Amino acid sequence: MDRRTPRQPAAQESRIHAVGPRGRGAHRLIGDALRAAVPGDTVVIAPGRYEEAVVLERRVVLVADQGTGTVLLVAPAGAGPALTVQGPDCLVRSLDIEAADPGEPAVSVAPGAGLVLAHCTVRGGRVEVRGPDRAETDDDLADEHAGGDPDEGSSAVLLRHCRLEGARLAALRLSGGARVRAEDTVITTVDGTGAVLSGHARLDAVRLRLESTTGSGIRLRGRARLRLGDCVLHRTGRAGLLLEDRSRCAADGTRIEAAGAAGVQVTGSAGAELVDCRIGSAGASALVVQDEGRLTARGCTVREPAANGLLATGAARAELTDCRLDDCAFSALHLSGEAVGRLVDSRVRGGAEHGVHLAGRARAELVDCAVSGVTMAGVAVTEQASATVTGCRISEADTGVTVSSPAGSRIEHSTVTATVRSGLEVGPGAKAALTGNRVVDAGAAGILLDSGSEAVVEGGTVQGGAGSGLVVWTGARPVVSGLRIEAPGKNGVYFAQDAGGLLTSCDVVRSGFPALHLSAGAAPHLRRCRVLDCAEVLGGEEGAAPVFEECDLGAGPALAAPLPAAPGLPAGAPPLPAVPAAEVPVEPAEEHLDDLLDELATLVGLDRVKHDVHSMVKLMQAVRLREEAGLPAPPLSRHLVFAGNPGTGKTTVARLYGRLLKALGLLRRGHLVEVDRSALVGEYVGHTGPRTAAAFTRALGGVLFIDEAYSLVPAVGGGHDFGLEAVATLVKLMEDHRDDVVVIAAGYPADMARFIGSNPGLSSRFTRTLLFEDYAAADLVAIVEHQAQEHRYELTATARERLLHHFETVPRGAGFGNGRSARQTFQEMTERQAERMADLATPTPEQLTALEAEDLPLPA
């Protein structure tokens, strides 16, 4: 008996099967080679077109013999997918695969199968990966919260360096428990959605580029999961990312550009986490969170959406950290319903509406954020919403923060600067606590507490501003402590009719009007308050009943009796108030006339204006020579009308005109004081005259430049508009100080005639109009080049040529800003160039300074 161990059969080596239309030893069809293959074999395909439906039932390799673009696999009509994968661990490389119908699968992967698709192009049909359907269990929910993978063993596909194009309905469809990873893959030109995930499907995409779809870019349904890294979604017909049901998405370093609807839309109870992503030029709101959706974003940028930067409705939750939202067409953040939002260390810049708008019963927390340049309020809290704003900076908004909700909001340790109207407003019936805030240079009231409001003000300062520091309106009774009001343009505190409240340990310093204005019926209680360095302490109306307790009003002991009636203003124009010493400008240095004329000549365009200014200079030189010779001077009005559209250089020429008159010895100082309606017209009866006089006083010895002067005159009827009072005051002051000031009224050409015709005194004083024509395209290019030189950039020849074409074709409607538009174009070019440079590892100095044609703004 042979006791030796039986010999084990040797492992079978993999074989290569050749496929070609001709050639000895080669299969004519791919299917023939596959039927001859065993697991682990390789099928090598010669160049050519193969019209057959290929099925991979076992682990094989399918590869084009001569590489990408040489083998085309086309499904016969009615035969199903060109490639069906049923076996595990299959590899297909360098094939072009085409479906018979663009609405059907070109590649289909069955449940439990596995495929690596590398360097392949799939056109005219989708890649479909189906995983096993499974019912949701409690274990699935536990895996979800623990970060586990409940779909282990499901269909698995790797797409590497592939291109999917020309499909209808969807280019990539994952269902059931399918798991797909896509690396360096392109999905393009889809009549439908780029990728659709449903069930428990998962897609992990790295450096995916998806573009030109008529539907959404990627749509998730059920409990699908998506992970994006360094991907680009461009020109989707609808949402860039659409998450529904209980799906989840995590995106890192991904760009979503020019989506036809939302950039990212989260509905149902879905959730999205975005890190270092950019969402630009969305056709609707950039980020939309609805129903019970959740969204977190860190380090993300939203730019120029057609609606909101973030829109949260229903019971949605959204948190943005270290994000930037620029130039939104609606409010940058809008929360309504029961939505809850949190914004931390983020910035809102520019926008056609509010920076943050809360409505319904929404709640939001803003921490260490900045809002600037929005057309409406920096933060607006309306209906039954509430907000907590801490350590934020709001500037150049219409209003800083306005609260009109009774739900109760807190504004703490924040700074509001340079608002068109009030810095902080608590509206009628609203409730708010204002703690430790700083309001600087508000265009109207620093803090406005409206009728019936419930407000508590603790600490903080109001500095400068054109209006009163604190306005307590009819019926309001706030509790204010530790507030310092310094150098307001009007009253320190204005108490309207029947207003009251308790003010404790508050200071009013250097107010432009009486420190305290008390209207009839006002009955505030002031305890340990001080009035410092104010020309007048008290003003108001008969019938006020204030109570002063241990107050220092800067003029003797504290008062405890009602105020007498305030004296009325004298008839005619108000007297000119003295300018405080701290506000007197330093005398400018002497300048030579020839140098100033050379500076005028260097301005871009404006040939007609330059000619007119030269003529006036010669006339004024002749006037001065006649006066020096003891001859009577001809009648001469130095006041001018500057008629032109925005951005045509009116302010620049006005400033230079004052310096020219100073050099001619016709003005003492030649400085420019620029004002508009808000600087001249008061908010209350009796305030316009003194306000206009104060502005006029600052201009003595120089030029008073009134921008949009026609806004002082109502377009229809006069009524009781305070602007007409400002005009009458100006006429009187121009007569009284005819030799010590020049007034330039500026505005749209079509509206300036209405301004001149509003008062007979204006037509006799404004006898000369300078017309500022719109800049030609070549002039706008020159402005951009000048900006570039100042900031050490240089336009390439191609960029210069394209820029000229851009300005020749850009619409010149109401929003066109001439020189301002040119400067905005330069800014946008530098931003786009910076984005290009960020993609380069080590850009050269030449690259860092060059502005290329691709940096030009995209066509509107």
Side-chain angles (χ1 to χ4, degrees), residues 327 329 350 352 373 375 396 398 420 600-614 616 639-658 672-680 703-716 723 742-758 762 766-787 803-829 856-857 859-860:
D327 299 320
T375 303
E396 298 178 355
D398 181 74
V420 176
L600 175 66
T602 62
L603 296 180
V604 175
L606 303 177
D607 292 340
R608 182 172 177 176
V609 171
K610 294 175 186 176
H611 177 271
D612 290 345
V613 172
H614 271 281
M616 288 187 292
H639 308 304
L640 298 172
V641 172
F642 281 8
N645 291 322
T648 48
K650 296 187 293 295
T651 306
T652 300
V653 174
R655 183 172 289 108
L656 189 55
Y657 182 61
L672 182 82
V673 174
E674 184 177 358
V675 297
D676 57 12
R677 177 185 169 93
S678 64
L680 302 177
V703 175
L704 179 65
F705 182 82
I706 308 173
D707 197 15
E708 297 182 353
Y710 53 82
S711 64
L712 297 173
V713 181
V716 180
V742 166
V743 178
I744 297 177
Y748 290 105
D751 295 312
M752 291 308 295
R754 185 176 83 244
F755 169 72
I756 299 301
S758 67
L762 292 179
F766 289 99
T767 59
R768 183 187 291 266
T769 297
L770 270 61
L771 181 61
F772 286 70
E773 298 173 336
D774 288 345
Y775 284 111
D779 294 333
L780 297 174
V781 172
I783 292 173
V784 173
E785 289 194 295
H786 178 71
Q787 291 282 309
L803 185 61
L804 179 62
H805 177 72
H806 168 75
F807 284 131
E808 287 174 341
T809 57
V810 70
R812 297 204 176 199
F816 183 70
N818 281 288
R820 183 177 67 247
S821 292
R823 290 185 289 273
Q824 290 171 344
T825 297
F826 168 70
Q827 179 179 347
E828 186 170 350
M829 290 179 71
L856 264 67

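Predicted model, so just to flag it, every value in this text is computed and none were measured. One-based numbering along the sequence shown.
- Using a 4.5 Å cut-off on side-chain heavy atoms (C-beta onward), V613 and L770 make contact.
- Other residues, nucleotides and ligands contribute more than 12 heavy atoms inside 6.0 Å of the NE2 atom of H614.
- Of all heavy-atom pairs spanning D398 and T375, the tightest one is CB-O, 3.1 Å.
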Quiz item: When you look at V675 and F705, which way does the side-chain contact (heavy atoms from CB on, under 4.5 Å) test go after all the steps?
Solution: CA-CA 6 Å; V675 297; F705 182 82; over 6 Å; no
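- Atoms CD1 and CG, from I706 and L680 in turn, are 6.0 Å apart once rounded to the nearest 0.5 Å.
- Inter-residue side-chain proximity for T825 and L803 is flagged as met; some heavy-atom pair is nearer than 4.5 Å.
- At least one side-chain heavy atom of T651 sits less than 4.5 Å from a side-chain heavy atom of E674.
- Inter-residue side-chain proximity for D676 and E708 is flagged as unmet; no heavy-atom pair is nearer than 4.5 Å.
- To the nearest 0.5 Å, atom CE of residue M829 and atom CD of residue Q787 are 12.0 Å apart.
- Between V641 and R768 the shortest side-chain heavy-atom distance does not fall below 4.5 Å.
- Side-chain contact between Y657 and R655: absent, with no pair of heavy atoms (C-beta onward) separated by less than 4.5 Å.
- The nearest pair of heavy atoms linking A822 to V784 is O-CG2, 3.5 Å.
- Under the 3.5 Å distance criterion, the side-chain polar atoms of H639 are matched with a main-chain donor or acceptor of V743.
- The shortest distance between side-chain heavy atoms of L640 and F766 does not fall below 4.5 Å.
- Here D707 contributes atom CG and F642 contributes atom CZ; the two are 11.5 Å apart, rounded to the nearest 0.5 Å.
- Under the 3.5 Å distance criterion, the side-chain polar atoms of R608 are left unmatched by any main-chain donor or acceptor of L771.
- The closest donor-acceptor contact from the side chain of K650 to the backbone of A745 lies at 3.5 Å or more, if one exists at all.
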